[in-house]
Asker: 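Take a look at this one; I'll ask things after.
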Number of protein chains: 2
Amino acid sequence: MKLSNTSQYAIRILTYMADKQDTQRINAKDLSQTLDIPYKFLTKIMTDLVKVGFIVSIRGREGGYRFEKEISDISIEDILKTFNDEIKDEACILGIGYCNNTCKCALHDQWLDSKIALQKMFKESSIDTLVGEGNKV
Amino acid sequence: MKLSNTSQYAIRILTYMADKQDTQRINAKDLSQTLDIPYKFLTKIMTDLVKVGFIVSIRGREGGYRFEKEISDISIEDILKTFNDEIKDEACILGIGYCNNTCKCALHDQWLDSKIALQKMFKESSIDTLVGEGNKV
DNA sequence: AATTAATACTACCTTGAAGTAGTAATTAAG
DNA sequence: CTTAATTACTACTTCAAGGTAGTATTAATT
Ligand code: SF4
Ligand code: SF4
């Protein structure tokens with residue numbers, strides 16, 4: 001029960017970029033070194049983040065990345081969805097077919113509250129609410 | 001963000017077995033068919049559940065499995081731990097090294113409540129609290 | 001004792017996530 | 001214009017989870 005490496009990386013990348021919004025461009029080499037994410041894997045993730053419209057890339061010398069979308073308009077949920085790692089409404093915690101909200105697997109009652117709380121937390125955590133001094137990166 | 005297939009299977013197996021405690025032995029073929037879990041994969045999981053002492057196996061003709069431990073003494077947390085799928089105290093949600101409870105990754109504050117609630121739910125959900133009529137299996 | 005039905009063990013195959021390598025395309029600087 | 005520094009693309013490799021196959025072992029039934 002954990003987030004995928006890719007999701008973890010993406011969240012760390014975007015929150016770190018948000019922390020440095022003064023710097024107008026951040027390049028892959030810096031991100032890779034600062035966040036200790038393998039360079040080639042990071043650039044693959046960056047391309048996904050560009051394609052989904054969170055950031056834009058500036059190619060060529062002196063290039064890099066900057067936000068395209070408002071950081072108040074990017075939630076953890078959005079990031080997880082980009083990498084298919086969100087908690088889906090229709091996914092049963094025990095993997096028994098699709099959840100129609102009337103079904104009951106053995107863990108239903110116990111899981112439902114946590115599920116809703118988690119989804120709410122992911123949805124309400126936009127990048128701008130996460131920036132802060134002294135965060136581990 | 002989901003439980004592993006193996007964990008899901010194990011929870012379904014044990015809750016189903018608990019539902020049928022009248023039947024003193026349940027064999028792998030029945031479990032495989034009823035729960036729609038691949039037979040060979042199921043027997044691998046069963047062997048793990050035996051090794052960790054939740055159930056005992058009776059080999060040979062008319063063999064099968066039955067509980068060894070009290071079902072009130074087996075929690076979802078215990079099952080998840082068996083397959084290394086529990087939410088570890090020291091695991092950072094963003095995968096940044098080890099959590100010492102003084103560190104702060106960007107998601108720390110938002111995650112902590114959910115984490116504690118989930119851990120509590122997994123710990124307090126013993127198999128006997130999960131048995132019930134009409135559950136999806 | 002032979003047969004049959006069950007679990008246990010060992011080894012392998014498959015799939016998807018994670019990570020790597022090399023090259024092409026782009027663009028600022030000199 | 002050339003070079004250097006950057007992102008993008010394509011393809012491959014590695015690793016762990018999930019799943020499969022075959023055989024050995026066990027024990028009740030006949
Ligand atoms: S029973 Fe509960 S966990 Fe299972 S599918 Fe329905 S809502 Fe989801
Ligand atoms: S900062 Fe929060 S999530 Fe990260 S390791 Fe510490 S407690 Fe865990």
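Order of the sequence lines sets the chain letters (A, B, ...), proteins ahead of strands, with each chain counted from 1. Note that the structure is predicted; figures quoted are calculated from it, not measured.
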Asker: Can you check the B/K2 NZ to C/dG16 P distance for me, whole Å?
Answerer: 13 Å
Asker: Using a heavy-atom cut-off of 4.0 Å across all strands, would you classify B/Y65 as base, sugar-phosphate, or nothing?
Answerer: sugar-phosphate
Asker: Specify the separation, in whole Å, of atom CZ of B/R66 and atom P of C/dT7.
Answerer: 14 Å
Asker: Listing time: all N or O pairs from protein to nucleotides 28-30 of chain C that are below 3.5 Å?
Answerer:
from: C/dA28; atom 1: O4'; to: A/R61; atom 2: O; distance (Å): 3.3

Asker: Any side-chain donor paired with an acceptor under 3.5 Å for B/E90 and B/N100?
Answerer: no
Asker: Does anything in residues 42-54 of chain B reach DNA chain D, meaning a heavy atom under 4.0 Å, and if so which residues?
Answerer: B/K44
Asker: Is it true that A/D85 and A/S7 share a donor-acceptor pair across their side chains at a distance under 3.5 Å?
Answerer: yes
Asker: Give the rounded distance in Å between these two atoms: CG of B/D85 and P of D/dA17.
Answerer: 10 Å
Asker: Under a 3.5 Å distance rule, please check whether A/T129 uses its side chain to pair with a backbone N or O of A/S125 as donor and acceptor.
Answerer: no
Asker: Ignoring hydrogens and angles, are the base of D/dG18 and the side chain of B/K40 linked by a donor-acceptor pair under 3.5 Å?
Answerer: no
Asker: Just to verify, what does B/Y39 make a ring-ring contact (aromatic ring centres under 6.0 Å, His included) with, not counting sequence neighbours?
Answerer: none
Asker: Answer yes or no: does a side-chain N or O of A/Y39 lie under 4.0 Å from OP1 or OP2 of D/dT7?
Answerer: yes
Asker: For A/A28, does its backbone N or O pair with a side-chain atom of A/S32 as donor and acceptor, under 3.5 Å?
Answerer: no
Asker: Determine, step by step, whether A/I55 and A/M46 satisfy the side chain to side chain contact (heavy atoms under 4.5 Å, CB included) criterion, reporting the C-alpha distance in whole Å, the side-chain angles of both residues, the deciding distance to 0.1 Å, and the verdict.
Answerer: CA-CA 8 Å; A/I55 57 178; A/M46 297 311 280; 3.6 Å; yes
Asker: Figure out the CZ/P separation between A/F41 and C/dA21, and round it to whole Å.
Answerer: 14 Å
Asker: Hey, is the side chain of B/R59 pairing donor to acceptor with the base of D/dT25 inside 3.5 Å?
Answerer: yes
Asker: Under a 4.0 Å heavy-atom cut-off, which of residues 30-38 of chain B touch DNA chain D?
Answerer: B/P38
Asker: For DNA chain C, what residues of residues 4-17 of chain A have any heavy atom nearer than 4.0 Å?
Answerer: A/S4, A/N5, A/T6, A/Y9
Asker: Under 3.5 Å, which donor-acceptor pairs do the side chains of residues 12-19 of chain A form with other protein atoms, sequence neighbours left out?
Answerer:
from: A/R12; atom 1: NE; to: A/V137; atom 2: O; distance (Å): 2.8
from: A/R12; atom 1: NH2; to: A/L35; atom 2: O; distance (Å): 2.5
from: A/R12; atom 1: NH2; to: A/V137; atom 2: O; distance (Å): 2.7
from: A/T15; atom 1: OG1; to: A/I11; atom 2: O; distance (Å): 2.8
from: A/T15; atom 1: OG1; to: A/R12; atom 2: O; distance (Å): 3.2
from: A/Y16; atom 1: OH; to: A/K20; atom 2: NZ; distance (Å): 3.4
from: A/D19; atom 1: OD1; to: A/G132; atom 2: N; distance (Å): 3.4

Asker: Going only through I, L, V, M, F, W and Y residues with side-chain contacts under 4.5 Å, is there a path from A/I96 to B/V131?
Answerer: no
Asker: Are the side chain of B/T43 and the backbone of B/K40 linked by a donor-acceptor contact shorter than 3.5 Å?
Answerer: yes
Asker: Just wondering, more than 12 heavy atoms not from A/D36 lying within 6.0 Å of its CG?
Answerer: no
Asker: Could you check how far CG of A/N27 sits from P of C/dT27, rounded to whole Å?
Answerer: 16 Å
Asker: Take the protein atom CD1 of A/I55 and the nucleotide atom C1' of D/dT7, then report the distance between them rounded to whole Å.
Answerer: 11 Å
